[in-house]
Engineer: 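Supplied in structure tokens, the structure appears directly below.
Order of the sequence lines sets the chain letters (A, B, ...), proteins ahead of strands, with each chain counted from 1.
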Amino acid sequence: MTAVFALPPAPPLAGAAALRAAIRGFLAAHLPPGDATRRANSWSVADADFSRALGAAGYIGMVWPREYGGHERPALERYLVLEELLAAGAPVGAHWIADRQTGPLLLRYGTEAQRRKYLPGMAAGTLFACIGLSEPGAGSDLAGVRSRAEKIPGGWRINGQKLWTSGAHRAHAMLALLRSEAGSERGAGLSQFLIDLDTPGITIRPVIDLTGAHDFNEVFFDDVLVGDEALVGAEGNGWAQVTAELALERSGPERYLSSHALLVALIDAAGDNPVLRATIGQLTAELWTLRQMSLATAAKLAGGEDPVVEAAIVKDLGNDFEQRVPQLIQAVLDADLDGSTDLVRLLAHLLQVSPSFSLRGGTREILRGIIARGLGLR
Amino acid sequence: MSEMRAQLVATAEALFPTAPDWLALADAGFPFLLVSERQGGFGGDWGDAEAILRVAGATALAQPIGEAMVALALPENARWPHDGRLPALAAQVEGVVSADRFTGVLAAVPWGRAAGQVLADCNGRLLLLPAADHVAEGSSPAGEPRDTLHYADAPAQCVGHGELKAMGAFVRVAQSAGALAAALDLAVAHVNTRVQFGKPLARLQAVQQALAVLASEAAALGMASAALARALDAGDASFEIPAAKLRANLAITRGVAIAHQVHGAIGFTRDYPLHPFTRRLMGWRSDFGNDAFWADRLGTLAVTAGGAGLWADITRRGDR
């Protein structure tokens, strides 16, 4: 058998009921009121006050060592908290990248000084990070990165431009992939740097998206000087580190729950309409299956393995689902998209933003290439 | 996987491809997998049954092994004569029961003509019926027996309560998981060997991307099947059965089309071994509840629970 997803369902997590009750209690007390559309795609919705409260309650950096502000909880407890936050539409966008990616990367590759400088603030929900990968000439083809770091005595001089940088205008630091060896090509000669965004020479400009919202940015580096302590991991090892980083971001619950708020609103409005019930049934079946797949992949990650192909499958199927949720609901809901109910406003909002779901974090085509490699086709 | 399950799977993988007849399957004990050891069976669980039914699907086994497992497992304290004849499962029943006699019609009974006894679902009451008085033979789209059984004042024993459509759906989901995985295997092997434009089809990006989708659908179906078996073993799968059958049907819809597309004309021939999987898969979409039936069931469960309640239900069931 061609087994590219030979994972069993994840076993039940001990203490799950108590942990769910605790995070639901936190959400009941702290979930901010406000526009219903902020509950959709809520891991892109930033609320610094909410992040601070969440950090204070111990729900950020859950698996990190205590000495860096973490809580040393099992990885699957963190997964449980994340899925509860997203299912409730909590605005977790401010700290999401630091918790998911930047913090774990520092624990794996960072120096002691870097960990002490950044991790406690990240775990407290007060220090936010962004991802500096894409550039004008390097999107899906990430090895085309040209922004460069030039070695100078005691540090590095950085020049270049990053693009599509979500949340750079709110973040305190960027983990940037830069070409640290002049004349190097593709994946060779790249290094990662953690750069404080208040360093002189950095300019952050908004790139307004098609809904009129400001999430993306372009970030310019003009003779930005950083110390040797900004280098993360080994010089020249950036490509391997980034590849490991990307695997962490592909199979989480954010890859299938971005449209969940709309499904919730539809269920609460469906009444005894048989057509709406049938659509809800279809979508619920996919939701249930995707949760099982995402959770099974998380269990494999928690066991220290690297489920690259499984994660690609979860993200591709999950993105397809969260894009079809608004489409299928639009097809059966008798409503004017200019309406004022939460249901219609969520629908109109998600129809606009959902095309991005299969672009961010690895496009559909890149993911399917990874799956095809797993099948031995390339 | 437990040692017992691994042994059962190994036995099935050796036996099923030999096109065994019913007696050979019964001799190996597979129909009695779910019967308790006290009653002379294996005492296996639903996870064991799921593993065996995957093998049945992946080997295109042309015997109603899943229906027999369920028909033998569900009756409470029933004594099944080991007379060598099939036990069959009837989920679509029209008729009346009075004073332990049944008059009516059982529709779409897999292998009904060969049945020595039939377990029939009469509005949730499970009736044990003898061989039919009259059989109108029919066939599934894949050419397997699917008969209509007629009874007039036949002896009927009530042996418990349950929903055979749900249990039949479990059987089809598990078989589908094996069959779609087998279709994926054939597709991968084909594109690796078939040369066009001077290279194997596997080198074409369009083909790679299509097979990635087929692999993902097979993965989703496999997970739905395994998670359903786990819910059955946890004691209640009233939510998971509709969810898994709906996801299976979606995976079949998407996956079968791709398996055929990448095969080209050869996959459409009688001699090539793709159709034993794809024709069955396409028929199984209708068996034991189609999309409309299970979507209404699951949608009603979701609406009854409410938007937040649905999430609470899904997680509570998963945490069992």
Engineer: Within the side chain of A:Asp268, is there an N or O that forms a donor-acceptor pair under 3.5 Å with the backbone of B:Gly307?
Structural biologist: yes
Engineer: Of the listed residues (B:Thr304, B:Leu301, B:Asp291, B:Asn249), which shares the most heavy-atom pairs with chain A below a 4.5 Å separation?
Structural biologist: B:Asp291
Engineer: Side chain from CB out, backbone as N, CA, C, O: work out which of these in B:Asn192 comes under 4.5 Å of a heavy atom of chain A, or both, or neither.
Structural biologist: side chain
Engineer: Minimum heavy-atom separation for B:Ala308 to A:Val264, with atom names?
Structural biologist: N-CG1, 4.2 Å
Engineer: Please find the pair of heavy atoms, one from B:Leu211 and one from A:Leu375, that lie closest to each other, and give the distance.
Structural biologist: O-CD1, 3.6 Å
Engineer: For chain A, find which of B:Ala226, B:Gly222, B:Ala220, B:Ala302 contributes the most heavy-atom pairs closer than 4.5 angstrom.
Structural biologist: B:Ala220
Engineer: Which answer fits A:Leu257, side chain, backbone, both or neither, if we ask what part of it has an atom under 4.5 Å from a heavy atom of chain B?
Structural biologist: side chain
Engineer: Does a side-chain heavy-atom distance below 4.5 Å link B:Thr315 with A:Glu84?
Structural biologist: yes
Engineer: What residues, two or more places apart in sequence or in another chain, satisfy side-chain contact (heavy atoms from CB on, under 4.5 Å) together with B:Ala244?
Structural biologist: A:Trp288, B:Val173, B:Ala224, B:Leu228
Engineer: Determine which pairs satisfy salt bridge (Lys or Arg N to Asp or Glu O under 4.0 Å) with at least one residue from residues 367-378 of chain A, sequence neighbours left out, and list them in order.
Structural biologist: A:Asp316-A:Arg368
Engineer: Do A:Glu83 and B:Trp311 get their side chains close enough for a donor-acceptor pair, meaning under 3.5 Å?
Structural biologist: no
Engineer: Please classify the contact of B:Leu310 with chain A as side chain, backbone, both or neither, using a heavy-atom distance under 4.5 Å.
Structural biologist: side chain
Engineer: Contact part of B:Arg54 toward chain A, heavy-atom cut-off under 4.5 Å: side chain, backbone, both or neither?
Structural biologist: neither
Engineer: I need the A:Leu377 CG to B:Arg203 CZ distance, nearest 0.5 Å.
Structural biologist: 7.5 Å
Engineer: So which part of A:Asp320 gets closer than 4.5 Å to some heavy atom of chain B, the side chain, the backbone, both or neither?
Structural biologist: side chain
Engineer: Which atoms of A:Ala261 are under 4.5 Å from chain B, going by heavy atoms: the side chain, the backbone, both sets, or neither?
Structural biologist: neither
Engineer: Do you know which of A:Arg277, A:Arg364, A:Arg291 has the most heavy-atom pairs with chain B at a distance under 4.5 angstrom?
Structural biologist: A:Arg277
Engineer: Do A:Leu317 and B:Glu217 have side chains that approach each other closer than 4.5 Å (heavy atoms only, starting at C-beta)?
Structural biologist: yes
Engineer: Please flag which part of B:Arg247 lies under 4.5 Å from any non-hydrogen atom of chain A: side chain, backbone, both or neither.
Structural biologist: both
Engineer: Tell me, for B:Leu221 versus chain A, whether the close heavy atoms (under 4.5 Å) come from the side chain, the backbone, both or neither.
Structural biologist: neither
Engineer: Using a 6.0 Å cut-off, check whether atom CG of A:Asp141 has over 12 heavy atoms from anything other than its own residue.
Structural biologist: yes
Engineer: Side chains of A:Pro12 and B:Asp319, heavy atoms from C-beta outward: is any pair under 4.5 Å?
Structural biologist: no
Engineer: Checking B:Gln205 against chain A: side chain, backbone, both or neither under 4.5 Å from a heavy atom?
Structural biologist: neither
Engineer: Heavy-atom distances under 4.5 Å only: say whether A:Leu295 touches chain B with side chain, backbone, both or neither.
Structural biologist: neither
Engineer: Is there a donor-acceptor pair under 3.5 Å between the side chain of B:Gln208 and the backbone N or O of A:Gly369?
Structural biologist: no
Engineer: Using heavy-atom distances under 4.5 Å, tell me whether B:Ala312 contacts chain A through its side chain, its backbone, both, or neither.
Structural biologist: both
